[in-house]
Amino acid sequence: GAEVVINDSSSPAVVDRSNESIKHNIKPASSKWRHNQTLSLKIRKQILKFLDAEKDISVLKGTLKPGDVIHYVFDRDSTMNVSQNLYELLPRTSPLKGKQFPSCAIVGNSGVLLGSGCGPEIDTHSFVIRCNLAPVQEYSQDVGTKTDLVTMNPSVIQRAFEDLVNETWREKLLQRLHSLNGSILWIPAFMAKGGKERVEWVNELILKHRINVRTAYPSLRLLHAVRGYWLTNKVHIKRPTTGLLMYTLATRFCNRIHLYGFWPFPLDQNQQPVKYHYYDSLKYGYTSQASPHTMPLEFKALKTLHQQGALKLTVGECE
Ligand code: CTP
């Protein structure tokens, strides 16, 4: 049966062997979903009490200088120094300053995208957000290629690029970065200790090869602010996933928000197996060791918002 490991370090790991996907049945995209503009605006306003995507999306050059000491958000006792390279790559102004988009797509990494044919639809959105440098070229029919912002947790360098052990992997990463072609590369560099070298390698590559990306490094307060917002809405999330962070930020500058590839369950709505990621062989339960994410809990919250018309979730095929 389904195996979703929820590990919210405050409670013991729970292995839910029930068929989660049945409980989360979502009508196909063709059913009558209507955007609730009033609710969307209300949510934007509420979130603005906790954070402002325009500011919190990145630390700016004016606020740090090389050598400054930063305490990691999740590992307060560990520190890092702002390197010259990091300083050079900090934006002078917010990459989202004054931006408003009629519609945004946030593309999660679930295998539910495979065979969805959602690529062309995703690419029609005015702003497309992707997570963790997920590959697009080989999967374009299902995930599209347009990328306006892509996140990169430092762990991606290890997970997907073999910690750049040799020239082949360095070249692979270089190619991926080149393909971003002017979009925003969002690197949570100040969250957890252990990613320091990986962030430095990427920063170095970007500068050395004059890669055309707009780097952004989320503010130190973002995580707590996002958690605070969801907590007040009774969604108890220890550490929000990248996908939920992106939704929370997107409410600020997107009128309509459409989520694809959010499906943290091993079976789809027709009880067929779904890969954890559309592009690799990571397994469910991986999240339990790596990070105390509570994806199914987040999904429940997003599903409620879908039903209320505040966002649109697509978890099957596109038309
Ligand atoms: N996601 C999902 N269902 C999956 C896989 C991913 O809903 N089966 C969503 C989550 O919101 C996730 C996002 O897609 O944050 C991007 O996926 P991934 O790269 O796996 O992100 P994280 O798990 O947040 O990354 P990390 O483990 O490095 O924190």
Side-chain angles (χ1 to χ4, degrees), residues 8 23-27 29 31-58 94-110 121-122 124-131 148-151 184 186 188 216 218-264 293-315:
D8 168 349
K23 287 188 266 172
H24 293 293
N25 206 39
I26 287 198
K27 305 260 172 352
S31 74
K32 36 183 192 323
W33 175 91
R34 291 257 315 269
H35 180 222
N36 185 336
Q37 179 78 31
T38 317
L39 180 60
S40 296
L41 288 174
K42 196 173 143 201
I43 291 171
R44 174 185 291 176
K45 231 169 144 179
Q46 279 177 351
I47 291 177
L48 268 165
K49 291 183 188 155
F50 290 83
L51 63 128
D52 181 350
E54 205 174 280
K55 293 199 183 73
D56 291 310
I57 190 171
S58 187
S94 167
L96 293 178
K97 195 171 166 57
K99 295 280 191 234
Q100 286 299 321
F101 302 102
S103 81
C104 299
I106 304 175
V107 187
N109 285 334
S110 163
E121 183 183 310
I122 290 172
T124 61
H125 290 273
S126 20
F127 195 81
V128 179
I129 299 175
R130 298 180 191 273
C131 301
D148 297 285
L149 183 153
V150 64
T151 71
I184 300 168
W186 191 82
S219 80
L220 292 164
R221 56 186 295 280
L222 177 70
L223 258 290
H224 296 300
V226 169
R227 196 168 54 175
Y229 165 74
W230 290 97
L231 269 177
T232 55
N233 286 279
K234 301 196 173 57
V235 184
H236 293 257
I237 295 159
K238 264 250 133 115
R239 205 185 277 200
T241 65
T242 304
L244 191 75
L245 281 174
M246 288 301 120
Y247 166 71
T248 314
L249 288 174
T251 58
R252 173 73 165 92
F253 55 93
C254 301
N255 181 18
R256 286 159 181 262
I257 301 176
H258 198 145
L259 271 45
Y260 303 85
F262 283 65
W263 187 258
H293 286 332
T294 42
M295 274 193 204
L297 189 78
E298 289 186 2
F299 184 84
K300 210 174 138 207
L302 295 171
K303 192 183 124 187
T304 305
L305 292 171
H306 166 88
Q307 284 157 348
Q308 296 170 335
L311 58 81
K312 186 171 177 184
L313 265 172
T314 292
V315 299

Set of side chain to side chain donor-acceptor pair (under 3.5 Å) partners for [X], sequence neighbours left out:
| X | value |
| --- | --- |
| S40 | H35 |
| T232 | none |
| N255 | Q37 |

Could you pull out all residues at least two apart from [X] that satisfy side chain to side chain contact (heavy atoms under 4.5 Å, CB included)?
| X | value |
| --- | --- |
| K97 | E54, T93, S94 |
| Q307 | K303 |
| L39 | N36, I43, Q308, A310 |
| H224 | V73, R227 |

Taking only residues two or more places apart in sequence or in another chain, which ones pass salt bridge (charged side-chain N to carboxylate O under 4.0 Å, His left out) with D56?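 With neighbours one apart ignored, the set is R221.
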How would you list, by chain and number, every residue that makes a salt bridge (charged side-chain N to carboxylate O under 4.0 Å, His left out) with K55, sequence neighbours excluded?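 Testing K55 for salt bridge (charged side-chain N to carboxylate O under 4.0 Å, His left out), a comparison that skips the adjacent residues, returns D52.
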Do the side chain of W186 and the main chain of I57 share a donor and acceptor less than 3.5 angstrom apart? yes
Using 0.5 Å steps for rounding, measure from the CZ atom of F101 to the CD1 atom of I129.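 If we round to the nearest 0.5 Å, F101:CZ and I129:CD1 are 8.5 Å apart.
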Rounded to the nearest 0.5 Å, the CG atom of L311 sits from the CG atom of L259 at a distance of 5.5 Å
With side chains defined as the heavy atoms from C-beta onward, is the minimum distance between [X] and [Y] less than 4.5 Å?
| X | Y | result |
| --- | --- | --- |
| M295 | T241 | yes |
| L223 | L245 | yes |
| L96 | F127 | yes |
| H125 | Y260 | yes |
| I47 | R252 | no |
| L244 | V235 | no |
| L231 | H236 | yes |

Residue set satisfying ring pair (Phe, Tyr, Trp, His ring centres under 6.0 Å) with Y247, at least two apart, ordered chain then number -> none
Using the test ring pair (Phe, Tyr, Trp, His ring centres under 6.0 Å), find all partners of F299 that sit at least two apart in sequence or belong to another chain. H24, W263, F265
If you compare all heavy atoms of [X] against all heavy atoms of [Y], which two are closest, and at what distance to 0.1 Å?
| X | Y | value |
| --- | --- | --- |
| T251 | R44 | O-NE, 2.7 Å |
| T151 | C131 | OG1-CA, 3.2 Å |
| I122 | V107 | CG2-CG2, 3.9 Å |
| L302 | F262 | CD1-CD2, 3.8 Å |
| P240 | E298 | CA-OE2, 3.4 Å |
| P95 | S58 | CD-CB, 4.4 Å |

Excluding sequence neighbours, so at least two apart, what forms disulfide (SG to SG under 2.5 Å) with C254?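 Partners of C254 by the disulfide (SG to SG under 2.5 Å) criterion, ordered by chain and then number, come out as C104.
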Determine whether H258 and T314 satisfy the following criterion, side-chain hydrogen bond (donor to acceptor under 3.5 Å, both in side chains), listing intermediate values before the conclusion. CA-CA 8 Å; H258 198 145; T314 292; 2.7 Å; yes
Quick one, I237 with V226, criterion side-chain contact (heavy atoms from CB on, under 4.5 Å). Give me CA distance, side-chain angles, the key distance, then yes/no. CA-CA 9 Å; I237 295 159; V226 169; over 6 Å; no
Scan side-chain atoms only and decide if W230 and T248 contain a donor-acceptor pair under the 3.5 Å cut-off.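 Indeed, the side chains of W230 and T248 share at least one donor-acceptor pair under 3.5 Å.
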Pair L249, L51 - check side-chain contact (heavy atoms from CB on, under 4.5 Å), show working. CA-CA 8 Å; L249 288 174; L51 63 128; 3.8 Å; yes
